[in-house]
Structures are given as structure tokens and as C-alpha cells.
Amino acid sequence: MTLETESEIQAARTAADQMAVCLARELHEGERVFHGVNSPLPMVAIFLAKKLHAPGSVLIEVAGSVDPRPDRLPFSTNDPALCQGAAAIFSNADAYDLFARGGIDLMYLGGAQIDKAGRVNMSYIGEPSAPKVRLPGGGGGSVVMEQARRIVIWRVVHDRRTFVEKVDFVTQSGNLTRVVTPLAVMEMREGGLELKSVHPGISVEEVTGRTGFPFDLRGEIPETAPPAKDELVALAEIDPDGVRYSEFAALRRAPR
Amino acid sequence: MTLETESEIQAARTAADQMAVCLARELHEGERVFHGVNSPLPMVAIFLAKKLHAPGSVLIEVAGSVDPRPDRLPFSTNDPALCQGAAAIFSNADAYDLFARGGIDLMYLGGAQIDKAGRVNMSYIGEPSAPKVRLPGGGGGSVVMEQARRIVIWRVVHDRRTFVEKVDFVTQSGNLTRVVTPLAVMEMREGGLELKSVHPGISVEEVTGRTGFPFDLRGEIPETAPPAKDELVALAEIDPDGVRYSEFAALRRAPR
Amino acid sequence: MSKLISLPEAAGLVRDGQMIALGGNSLSRTPSAFARELVRQGRRGLTLIKTAGAYEIDLLCAAGAVAEVRSGYIGYENLYGMAPSYRRGVESGEIRVVEHACYSVIAGLRASAYGLPSQPVSGFDGSDTPALSGFLQVEDPYTGKSVYMIPKIRPDWAVIHVQHADAAGNARIDGGPFEDVLISRASEGVILTAERIAPTKFFEDKPERTNIPGFMVDAVVHLPGGAAPASCYPLYDTDEGAVAAFLEASTSTDASPESLRDHLRDWEERDHRTAEARDYRQTEKTE
Amino acid sequence: MSKLISLPEAAGLVRDGQMIALGGNSLSRTPSAFARELVRQGRRGLTLIKTAGAYEIDLLCAAGAVAEVRSGYIGYENLYGMAPSYRRGVESGEIRVVEHACYSVIAGLRASAYGLPSQPVSGFDGSDTPALSGFLQVEDPYTGKSVYMIPKIRPDWAVIHVQHADAAGNARIDGGPFEDVLISRASEGVILTAERIAPTKFFEDKPERTNIPGFMVDAVVHLPGGAAPASCYPLYDTDEGAVAAFLEASTSTDASPESLRDHLRDWEERDHRTAEARDYRQTEKTE
């Protein structure tokens, strides 16, 4: 592992906090929200929203538990700890059925490649018949993206390999409303993904330089509201172990 | 209620015992067997077979329990008592799925009308659009008859209204092997239902006279093997309350 | 936020002309008190969904509350015979029937639960039912085999009587679940009547045993004995005398409307009593 | 009649070229020891079915045991990254992939469980997956809407690690059931590995809690710790060190065959020990 500089570490922490807060703000009171495997930031964001402005929202998480209240947030989002305090446990099929009949308001989704049209690749880099990289696959996402009412994508890497002109393979598309990265928040509009806001300390030029498709920059691009004090306090309370940092290479907790 | 004569009562008891034994003989060791609602005689027959020659057969009954061991056989075949001693309980859907994938060897089925071709009506007497009688419907039977490996029909009434030339409505058909009545056992052959055996004390003429379709009588029609001593002893043990008699009008237990 | 309301309030959620899936099976864990309350409130034009039904369907038919029934079997089994009011309603043309097998009712409910316009069902070859009910076939694109598709059945309400519920709507069923988990998923809304209101901790201790999660449920009525005269395992058996009395009254055609009023009056106190006064044995075991 | 056999005997039921559905999900309640035993026995040409898999799929891929994978997701989540042996096998063309969503795997399994040639699945518009995998559409006969049909997935074996089983094959799962009930219904045969062999009375006391009835099950292996290094709720957590060590060894391409042998040898004693010697905490609670 490369040794990270103190400033790189601090920047990553700031970005993780900003992303957790941005993701939490997307969840509204009373909504039903789902996160999949491999989703530490969305998991933290959901518990943050539930603590702040959406206490009545209902989390259905990928291990099947409905509205768990774990003692501590686990690093794996498929951890049995996420059954703690749940009053019900679903089979996976039961959860996907809920999506299929329109019962999920919001899902947080990942993606290895995302293009201007909001299409997501989680399957192959290169030709599927002879792939350069076999990615893990879309998991639940590749069907549910058009079933959840709203899809919010998060990526901790913001570069031209991730945000591409055209994805190599469309694992799924549909219902995308926001993309949250360490640099900015994008919004799905008629013409495709556009810059909604740029995080404090990040320039629009940096974002455009690290994005593989163009934005409409004719209007002013506002600054993302930084984490408010109550958001930071709540974050520290619900995630004292720093699960939200675990997706960042600079901050990655090495496996024991 | 009409008062039954002593001899009528005795004849009905004999017929019920004979039918229970004939039905039990149809279940083979190790098979999976299902009975539906409204099936006292098959229920008794299954427990009789399990006690005698098919201890390893598996009963899936309509209330969902798998291989129950009730303290006493209930009069309703949909009674919660049929959950006692079961190591598993199915939803109805789970049981029907088992049929659908070919997992049931034997099902006992009723039927208001049965014709020579082995087609069964449990739905309508007369035209379905303006029925003379709305029957209860086929229940599970109307799909599973072609899914179980073997279907055995039992009827406690043997008359020309039940065994008809052609049913008014085909609720279902398929996989029929035997029909057991108070008079005889019929067998499904190439040309349709034929007489396999006639119960002791019943003449072939009585059976043909009370059946609405013709039998091939060129060969000799054997007598049904009467209940053996061990069968009668086992019957008395597993059904001391006489659940097997409850389908016979002459013996019907009046509701309290 | 408690979802506990009274039986009259809960029955008031159902509007004339709506489609209701009824929980339980035959004379087991039937939402009987809820059906009686729908009759007291004069509900009309209902479409009833049930794989195999008896008393509560027959009662609603007796009251003229029913426009359509989609079911595999309606009857009381051999102890009591056919359902006279259902039968009369169908034979007179007052009640429309969509002829089903239990398994095709399940398929239609699955279509709804799975977000599909229709669900294939195996079987049904060699039956007049699909033609009568207008069930259509498609050709399986892989094998070329013809398969019947059952159109989606999406009830406005699932009404389910359970042994255990909490104020948030979490529900646990003891004994056979019948189709109750499926109808809770297939329906627009869910109304529970419950023998016992348990603390939420009861569900949190064994979340695997929760059949219906609270977020799917709209209303909970604390209603001990709410399945009677049907049975509720393991709390009480079918009240055979009450079933027989109801049937006797509704079989005599001339006395029917009056006897129905008597029947409803006989049960009214039990249906509307507060949960403290309990006729039916109530165990407080927590597994 | 007891169905209890040893792990080598149980793995011996699986033949080269068969299709296996694996229980659990990701690094939870994975039939890990069973997968290791398949590798020890040199099994080849397997088709693996799992909605979301990690270690046991990757291990079987590392051993060259796998011809085809049908899955929604194969990877270790962010703590460890992608599944290197699976990835290598697919990229080299050695392993065939039928690209799926988790929900389309479920649909294919449902087709098998429901006795259907194929099962419709909602969603999948606007995805390249159906075209790549050859999933075909039919027109719903009622609405005219196009629906993707997923062909039946009928595994030869479902292999499921459970907390509780008896000698007759009754099984109870604590925590999330994932797809395990479905794969038990969809598969030709069922093999259980179990943390604990309970008396049948344990199941009779709460028959509603039995996820898999014994008559569906062919073999039961008493195998405490059989999910490790994956977790088995609530008995043990994921052994992160062991997962990381396995990954590190299988990522260094040159050392791969040898390191795999080492890995199997490291676990052999635990996988083959008699049930008395237990590394993993074993509670004997009966609810």
C-alpha cells in the first residue's frame, strides 16, 4: 500500500463526509429506501437521514432485514449485524418483488461506468464476449433501476474512466435523479446528466476536467451546501468507526 | 332428518370401511400424497396406509402441514388439529408448487359428476352461464389433476346423477387411475373407466344399473378383497371417532 | 405511530365496489368479524378473492354485498354442505363468478406481487375453466409449449386475521399461513385483525417469524375471537353450533334477511367489545 | 431413516458437469466447506447458480471446477474487491457467463419451482443484459405489454448451509433466508450442511419455522463452522483475515495452484473433523 499524505487523508475524509450528507439529503421522510451489497456510504447516509429529517423512512437492506437498528454500523453492508433490531426479515425475492411492484421510493446504486445519458455499466469493460475486465455484475441493480421511483448513484472515484461518453455495456438505465461523487452532485435533466452543484473547495474546471462527457455550463453552478453542524454531529454519532471512509482508497481499512 | 333403519346404517358402515381400505391400498410406501379440503375418507385412508404398508409415505395436507401426527383425526380435513406433530408447515402455494413440478405421487379427489372418460365436474350442473346448481368449485383439484402422478377419485354416492355419460362442465381431467365408491372400484383403461372389482355383497348388475355409462363386461369382474383383519383393527385404532363414516348421509354426525 | 383503530373504523376503509382478498382458508383463521362489520355498514358491490372460502364469503353473499367472486372453492365441507347464499346469488345471476382453481388465484396474486401483468400457471389443459374465465395462453419462447397466463389480481385490500400483531402492523401467524403472506404482498393495502397486540420487541426477538412487516400494513384492529365462528389455531376451534345455526337460518329462503339481522346482532357485542372482555381463550405465550 | 452422511460422501453426490445452486448470499451463510470438498475431490465442469456470491464461487473458479456461472453479482464487496479467480476465468474464456440480475436468477428458479418452462420478470427494459443472455420476450395477452421470460433454472443440487437440521432433513434458518427456500424448491436434490443436528421435536415444536421440510432433502452433513470463512448468523462473523489471506494468495497469478492446495490443506482438518471438536461458537438454544 502506498503511504498517503496527511492532506490526502484529510481531503478524503472531507469528501466522504460531504458525500454521506449529500446522499442522506436525498432520502425524504416516510420513504422506503433500499441499499444493495457493497454500499457503505449509502448505509451510513440512510441511518443519518433517519436520525435527522427522515425518522419514519423504512430501510429494506440487502440481507433482508426491515428497518434494523444495529448497535454499530458494520463495514460490510451484507453483515448479519444488519439484522439487529429488525422487526421483520425478508427473503431477497421478497425485497425484489417489492421493487417490481413499485414499492421502493429510493435506491442507492453504484456503477463502474456512468455516461451522460445516465446509463450504468457494472458488467464488462470491453466487449462482453472477450472482456478486458469482467466486473462483478449488476446484482439487484440491473433490474431494479427502472423499478425504484428514484435512483441515486454514488461513486467515490470521479474520473474519465468512470464518467464516460458511452458505457461499454448498459447493465441498466432508468429513473436516475442524482449522482454524488467526491467532487460534485450531478442531476439528471432532459438532455442527460448536468452539474447541480460543486462541493466546497472544488472548482468547476476540476470537475469538467475529470468527467468524460460535457456539461451545460451556461448558468451558474452553485456550491454544494457543506455538512451542517447537526449533520456532522449526527454522522459522528451513528458512524463512530468511520464506515463511510472505507470506500476511499486513501482511507481504506486494511483487512486484518 | 329421516330416521335410518338399522340395516341401512350397517350397510353404510360396511361400505365406509371397504372404501377406506380400498383407498389406503392405493398409497404405496415412500410416496408423497395429498388430500384436499372436504376429504374425510382419504384422510383416514392415508393414516391407515401409513400405519400398515406405507409408513414412509409423506402426507401434505391442505392446511399446509407436512406429515402431521394428530392425537385424533378431526372431522374437518381443514382442522388445525392436522398441524399436530408436523415438523413443517407449507403455505398453500408451496403445496401447489410441489404438484406443479411433479412432486406429488398421489392425490385423492372428489367430484360431483364423473364421466366414462374420467372427466370431473366440480363446478356447475347445467349451463355455467345460468347454472341449475352452482357447485363449490374444483378447489385445488382443477389444476392439480393433471399434475399429480396418479389421481384416485372417491365418491360415497354411486348413482346415475354422479356417474354420467358426459359431465356438464369439465372442471378437470387427467391422470385418473381409480374410482372408489360404496359399490365398486373402477379403473381407468384405454377406453375409459371400467369395473375393476365389485365389493362383497354387491352385484355387477347393481353397479351397472346405478352407473350412467356402460362397462365392458366381457371378462369376469372379481370381488373386491374385503377389509382384512389387520386393516379393520388398524382402522378402529386410527379412527375411533368414525370420521370415515361422516361422509355418509345415513351416518352423518349432526352438527352440534 | 400507532395503526390501531376500531373495527368500525377499519371496515370503513373499504369502499363500495372494491376488491378484497380475505385471509385464512375455509373455516380456519377467517376474518369473520370484519366481514360481519362490512355487512353492518351496508357495503355493496364487493369483489371477493379467496382460494377456498366458506362462512365469511357466504355471509357477505347473504347480505347482498357481493358483485363478484374469484375463487377455487366456496363451501363448508361435508359437515355442513354447500354455501347456500353464495349458491343462490350465483344461480340467480346476482353474483358474477370468475371460475378459478386455487392455484390460478395464487397465480393472479403472484402477478400482482411480482409487478407483472399476468403470471403463467402450469396445468389447466383438459379443463373447461380457462375458456369459461377467458384465461389466455402464450407460447413459451424457449420450448414452444403453450402456457396459460392468469391476469393480475390486485385487491384494494387484504384483510387478514392473525394471532399476533403490534401497533406498527408487524404480524405473525401461527399454524398454516395459507395465502396470507401472498395476499399481503399482492394488495394495495392491508388491514389486520389480531387476537393479541404484542410489543414490537416480540417481533424483534424473532424477526424471521414476522410474516407481514409493519410498513405494508394500513390498519390494525385488536379483535380477540375475530375469526369465530371459524377456528383460530391454537386458540380456539370452529364453533360448529354457530356455523350450523347460521346455515340453518340462511337456508330457509323466506326468513333470510331477518335471520341475517339476528345473526349480526348476536355477534355485535363480541365484535365491538373492547379487547379486555374476551370470550375466547387467549394465551400470552411468547414462543 | 437418517440422512446424515459425511462431508466427503455428500460432496461425492455431485457429479462432474452438474448444476449447483449455492445457498447463502455474498459472505453470509455460504456453503464454504462443501465447496472446498468439491475442489478436494477434483470436481469439473460445474454450472454455478447464485444471486450474489463471493468466496465459494471464487474458490471453485480458482480450482478450475467451473464451466458456467449464472449470477447477478460475484465479488467480495469493497473490503476485498473483485473475485480474482472468477474474473480471470471469465476473461480468459475458460468460464462461460450467463449475465443475470439477481431478480432474473430468482425468476429462472421460480420457473423451476412452479413447474413452468419460463417465468416472466419485470424490469430489464433499457438493459443490454437480456440481449446478451438471449432472454426472450412475449407479449402479455391481456395488456399487449412485452415481458421478458427467464428460462427455467433447474439445478441438480441445492447446497445450503443452515443453523439447524435434523437427521430427516428438516431445516431451520436463522436470520435472512436469502434465496435458500426457493433453491430448495427449484432443485432436483437438496444437500444440507448444518451447524447443529437438532432432535425432530425441535421442528415439531415450531413447524412454522421449518424452512425446508425433510422430504425434500437428500443428505445432511453435521458441519459446525461449515460457512467459514464466511459468517453464520448469529454464531460467527466473517473471518476477515482468512478471506484476505485466500485473496492475496489467489491474486498472485504464479503461485495460484500451490496456494490453493495450501488453502485446502489449512481447512481440511476443520472440514473433516467430527462434530464434537468445534472451533466456532455453538449455541444450543431452542428458541
Side-chain angles (χ1 to χ4, degrees), chain A residues 36-40 62-65 74-83 89-93 96-97 99-101 119 121-124 126 128-147 156 167 169-174 246-247 252-256, chain D residues 25-29 51-52 54 71-80 82-83 86-91 93 95 97 99-104 106 109-110 121-129 132 174-182 231-234 237-238 240-241 243-245 247-248:
Chain A
V37 292
N38 202 5
S39 307
V62 69
S65 75
F75 280 84
S76 164
T77 45
N78 199 22
D79 191 294
L82 278 172
C83 288
I89 290 183
F90 267 9
S91 72
N92 287 1
Y96 290 125
D97 289 340
F99 273 101
R101 57 181 188 267
R119 300 180 302 183
N121 180 12
M122 320 183 199
S123 302
Y124 298 98
S129 56
K132 195 158 144 276
V133 184
R134 161 80 261 207
L135 298 166
S142 62
V143 159
V144 302
M145 191 167 172
E146 64 171 285
Q147 296 175 328
V156 299
V167 292
F169 182 87
V170 183
T171 306
Q172 190 55 302
S173 57
S246 65
E247 293 190 56
R252 186 157 300 156
R253 194 181 67 133
R256 258 183 292 118
Chain D
N25 194 271
S26 192
L27 287 172
S28 299
R29 221 165 30 65
T51 52
S71 180
Y73 179 95
I74 304 292
Y76 288 80
E77 304 197 53
N78 64 305
L79 285 188
Y80 317 98
M82 294 199 281
Y86 165 72
R87 188 185 153 181
R88 200 159 45 224
V90 176
E91 291 169 10
I95 296 169
V97 165
E99 188 76 14
H100 264 278
C102 294
Y103 200 38
S104 59
I106 290 169
L109 293 166
R110 278 178 168 164
V121 69
S122 72
F124 258 158
D125 297 329
S127 168
D128 290 343
T129 301
L132 181 66
D174 292 330
F178 308 119
E179 314 314 337
D180 293 2
V181 172
L182 178 57
S231 66
C232 185
Y233 171 89
D237 286 332
T238 301
E240 295 183 2
V243 174
L247 272 172
E248 201 169 326

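Here the structure is a predicted model, which means the values were calculated and not measured. In what follows, every chain begins at residue 1, and chains take the letters A, B, ... in the order their sequences are listed. No hydrogens, no waters, no symmetry mates; every other heavy atom, side chains included, goes into these values.
The parts of A:Gln172 that come within reach of chain D are both its backbone and its side chain, each placing non-hydrogen atoms under 4.5 angstrom from that chain. Proximity to chain D (any heavy atom under 4.5 Å) is shown, for A:Ala100, by both the backbone and the side chain. At a 4.5 Å heavy-atom cutoff, A:Ser65 makes no contact with chain D through either its backbone or its side chain. Proximity to chain A is limited to the side chain of D:Thr51, based on heavy atoms less than 4.5 angstrom apart. Only the side chain of D:Leu132 comes within contact range of chain A, with at least one heavy atom under 4.5 Å from a heavy atom of that chain.
Minimum interatomic distance between D:Arg110 and A:Ala93 (heavy atoms only, all atoms of both residues): NH2-CB, 3.6 Å. Closest non-hydrogen pair, D:Cys102 versus A:Gly140, comes out as SG-N, 3.5 Å. The minimum heavy-atom distance linking A:Cys83 with D:Gly176 is given by the pair SG-N, 4.3 Å.
Taken to the nearest 0.5 Å, the CG atom of D:Asp128 stands 8.0 Å off from the CZ atom of A:Arg119. In this structure, the separation between CG on D:Asp125 and CE on A:Met145 is 13.5 Å, given to the nearest 0.5 Å. We find the CZ-OG distance between A:Arg101 and D:Ser122 to be 10.5 Å, quoted to the nearest 0.5 Å.
Interface remark: of the candidates A:Val133, A:Val144, A:Ile89, A:Val133 forms the most heavy-atom pairs closer than 4.5 Å to chain D. The choice from A:Asp97, A:Thr171, A:Asn121 that makes the most heavy-atom pairs within less than 4.5 Å of chain D is A:Asp97. The greatest number of non-hydrogen atom pairs below 4.5 Å with chain D, out of A:Gly64, A:Gly137, A:Pro136, A:Gly174, is found for A:Pro136.
In this view, A:Arg134 and A:Tyr124, D:Tyr86, D:Glu99 satisfy the side chain to side chain donor-acceptor pair (under 3.5 Å) rule, not counting sequence neighbours. Among residues two or more places apart in sequence or in another chain, the side-chain contact (heavy atoms from CB on, under 4.5 Å) test is passed with D:Ala101 by A:Ser142, A:Val143, D:Ser104, D:Phe124.
Counting only heavy atoms from C-beta outward, the side chains of A:Asn38 and D:Tyr76 never approach each other to under 4.5 Å.
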**Request:** Take D:Tyr103 and A:Asn92 through the side-chain contact (heavy atoms from CB on, under 4.5 Å) test and state the conclusion after the steps.
**Result:** CA-CA 9 Å; D:Tyr103 200 38; A:Asn92 287 1; over 6 Å; no
